[in-house]
2 protein chains.
Amino acid sequence: MEAAVRDRIYEFLLESGLRRTAQRDAIIEAAFSHTDHYTAEELLVRSRGIEPSVSRATVYRTLPLLVESGLLKELDLGKDQMLYDPNYIEHPRHSHLICIDCNRIVEFEDRNIDTLENCITKRLGFSPATKQTRIEASCDELKRSGACAHRVAQDL
Amino acid sequence: MEAAVRDRIYEFLLESGLRRTAQRDAIIEAAFSHTDHYTAEELLVRSRGIEPSVSRATVYRTLPLLVESGLLKELDLGKDQMLYDPNYIEHPRHSHLICIDCNRIVEFEDRNIDTLENCITKRLGFSPATKQTRIEASCDELKRSGACAHRVAQDL
DNA sequence: TTAAATGCAAATTATTTGCAGAAGC
DNA sequence: GCTTCTGCAAATAATTTGCATTTAA
């Protein structure tokens, strides 16, 4: 986990009057030491790898705090579990494309969509708070060659 | 419910080899006789108003059929229940803005967003299947006047 | 007649919560 | 010391499912 990220998180805890505990430290460490998305359950497993006493309840109680701090993004990609995305710190405006062939999630960032959505919102008489663009799509490469190389997101 | 919609639905049932039952008729009638969004539970109540024998299980078993037919759109707007939107027949590309002040859902349609999302998807090497844009926003009128007149969507 | 559809009730499953004990400040 | 935090286990709630019965074709 980067020092800058750690600083921002503990600053947030301090400001909010939240206490520092071994369990929270472990969850925070687990939450921001990868760049991939994870479920609450996966975060529990990772956290327990650092501090075995972490319980499921504490993970579920800590996640909303991190989301509220703006450091972690809760993603609802249409599955039955929420996903958590630690990459919003560095790319606060990215969107998601979900491959319907292999479930891969591709993150992309597009200034034009962002601007366009702001305009539309304003035109309707609102001020944007949260915007989410979710594109489900099929892989062209798979269609062509029959195999789907896990290409990396091209726009981040 | 419009005759054209009814025709398309029963054509779909026929093509799929699905049987026509009193319960399905009632659910279909209830599903397409309003333009507002509804939950499975609300649809159950409406369906029972037409045919009292409709059970919750049958509603939950019928909804995926209607969604699969393309006549009904399943919306995941971040609540704990799915919402169903019968307006996709007439406006297949509309998006949703959710007012964080009053929970009102405003439907809007924007050709530019549509085009832009198609381009991005192609550029990433995919072909778009489902696209969902969800904007959560606060009401400017509420901020100004302290009251939030339920303005009608301006773009449909 | 026979395969599909239904109602009921129980199962499933992610998430939340009450509570008593533990721990930070 | 006082309040917050925690683990545990039970509660919650939308949706799904097994099964015996009914019904459309």
Side-chain angles (χ1 to χ4, degrees), chain A residues 9-31 37-69 72-85, chain B residues 9-31 37-69 72-85:
Chain A
I9 292 172
Y10 286 110
E11 185 186 3
F12 169 78
L13 292 184
L14 203 63
E15 281 173 5
S16 310
L18 296 168
R19 290 177 181 172
R20 188 154 174 184
T21 67
Q23 290 87 351
R24 271 187 190 151
D25 280 356
I27 293 168
I28 289 168
E29 186 63 37
H37 304 152
Y38 44 80
T39 62
E41 194 66 27
E42 288 162 356
L43 184 60
L44 172 64
V45 173
R46 285 187 189 169
S47 304
R48 279 182 170 162
I50 300 168
E51 167 57 58
S53 73
V54 172
S55 72
R56 183 170 288 105
T58 299
V59 168
Y60 274 106
R61 280 189 273 234
T62 302
L63 278 169
L65 299 178
L66 298 179
V67 170
E68 200 191 349
S69 79
L72 189 66
K73 177 80 174 178
E74 187 176 55
L75 292 185
D76 183 355
L77 296 187
K79 314 288 177 191
D80 49 359
Q81 302 170 55
M82 283 294 174
L83 281 182
Y84 295 89
D85 182 342
Chain B
I9 292 171
Y10 286 111
E11 185 185 4
F12 169 77
L13 291 184
L14 203 63
E15 279 172 5
S16 311
L18 296 168
R19 292 179 180 172
R20 185 153 175 186
T21 67
Q23 290 87 350
R24 272 187 189 151
D25 280 356
I27 293 168
I28 289 167
E29 185 64 36
H37 305 151
Y38 44 81
T39 62
E41 194 65 27
E42 287 163 355
L43 184 60
L44 171 64
V45 173
R46 283 187 190 168
S47 303
R48 280 184 169 161
I50 299 169
E51 167 57 59
S53 74
V54 173
S55 73
R56 184 171 287 105
T58 299
V59 168
Y60 274 106
R61 281 189 273 232
T62 302
L63 277 169
L65 299 178
L66 299 179
V67 170
E68 200 192 348
S69 79
L72 189 64
K73 176 79 174 179
E74 188 176 57
L75 292 185
D76 183 355
L77 296 186
K79 313 289 174 188
D80 48 0
Q81 302 171 57
M82 284 294 174
L83 279 183
Y84 295 89
D85 182 342

So if I define the base as every atom that isn't primed, P, OP1 or OP2, how would nucleotides 15-25 of chain C read as a B/S/- string at a heavy-atom cutoff under 4.0 Å? BBBB----BBS
Starting at atom [atom1] of [X], determine the distance to atom [atom2] of [N], rounded to an integer number of angstrom.
X: B/Asp25; N: D/dA24; atom1: CG; atom2: P; value: 10 Å
X: B/Gln23; N: D/dA24; atom1: CD; atom2: C1'; value: 11 Å
X: B/Leu75; N: D/dA14; atom1: CG; atom2: P; value: 18 Å
X: A/Leu65; N: D/dT6; atom1: CG; atom2: C1'; value: 13 Å
X: A/Leu44; N: C/dA14; atom1: CG; atom2: C1'; value: 13 Å
X: A/Glu51; N: D/dG7; atom1: CD; atom2: P; value: 8 Å

Between the side chain of B/Arg24 and the main-chain N/O of B/Thr62, is any donor-acceptor distance below 3.5 Å?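 No: the side chain of B/Arg24 does not pair with the backbone of B/Thr62.
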Which pairs pass salt bridge (charged side-chain N to carboxylate O under 4.0 Å, His left out) with one or both residues in residues 46-58 of chain B, sequence neighbours excluded?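 Counting only pairs at least two positions apart or across chains, the salt bridge (charged side-chain N to carboxylate O under 4.0 Å, His left out) contacts touching residues 46-58 of chain B are B/Asp36-B/Arg46, B/Glu41-B/Arg56.
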Partners of B/Thr21 by side-chain hydrogen bond (donor to acceptor under 3.5 Å, both in side chains), sequence neighbours excluded?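 Counting only residues at least two positions away or on another chain, B/Thr21 forms no side-chain hydrogen bond (donor to acceptor under 3.5 Å, both in side chains).
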Would you please name every residue forming a side-chain hydrogen bond (donor to acceptor under 3.5 Å, both in side chains) with A/Ser69, sequence neighbours left out?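 Listed in chain order: nothing, the list is empty.
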Report the residues that fulfil side chain to side chain contact (heavy atoms under 4.5 Å, CB included) with A/Glu74, sequence neighbours left out, ordered by chain and then residue number.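 So A/Glu74 forms a side chain to side chain contact (heavy atoms under 4.5 Å, CB included) with A/Val67, A/Met82, A/Tyr84.
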Under the rule for salt bridge (Lys or Arg N to Asp or Glu O under 4.0 Å), what residues qualify as partners of A/Arg20, not counting sequence neighbours?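 In terms of salt bridge (Lys or Arg N to Asp or Glu O under 4.0 Å), with neighbours along the sequence ignored, A/Arg20 is linked to A/Asp25.
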